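Scroll down for the structure; my scribbles are underneath it.
Nothing here was measured: the structure is a model prediction, and the numbers come from that model. Order of listing sets the numbers, starting from 1, for every ligand and every atom in it. Along the sequence shown, residues carry numbers from 1. Computation of the quantities below employed the complete heavy-atom set of this structure, encompassing side-chain atoms and omitting hydrogens, waters and symmetry-equivalent molecules.
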Amino acid sequence: MDPRTGAAGATRVCPHCKTTILESSARCPACRHYLRFDADASTSIGTQEATTALQVEGTIRHPSEGGAWEYSVVLVIRDEAGKELNRQVVGVGALFGGDERHFSLAVEVVPTNDMRRGPNRRGRH
Ligand SMILES: [Zn+2]
């Protein structure tokens, strides 16, 4: 079920990079272009400042011995029951002797005034 326009979780496609982003975003988190020309987009649900609720970082370094390492960066989002909501391969590549890659995951949350319960929240209360 797609969230309706103006509701928490409503999405749109970034006109610059075509990534699906929050309708309320003033700036695309993927390509970092500013998008806010329609000021109503976020004020309708009272969007506040985004804060980083989770951040994980790590580095992998090839030990300079042996053959190259291929890697896949897999991102999985699950709900409170463990049900998979989204699984994506964000990037793939290879590390050759001595190469290093730094990985960073950030989850930004934006408080809104939307008090509706989501479609899966019935009977929880
Ligand atoms: Zn973009």
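- With sequence neighbours left out, the side chain to side chain donor-acceptor pair (under 3.5 Å) criterion links R87 to E84.
- The backbone N or O of I60 sits nowhere less than 3.5 Å from a side-chain atom of R101 that would complete a donor-acceptor pair.
- Using a 4.5 Å heavy-atom cutoff, the side chains of L35 and C14 are in contact.
- With sequence neighbours excluded, no residue satisfies side chain to side chain donor-acceptor pair (under 3.5 Å) with S64.
- Between the side chain of R116 and the backbone N or O of A7, no donor-acceptor pair lies under 3.5 Å.
- Residues satisfying the side chain to side chain donor-acceptor pair (under 3.5 Å) criterion with E100, sequence neighbours excluded, are R61.
- Taking a cut-off of 2.8 Å, the protein N, O or S atoms nearer than that to the Zn ion (ligand 1) are C14 SG, C17 SG, C28 SG, C31 SG.
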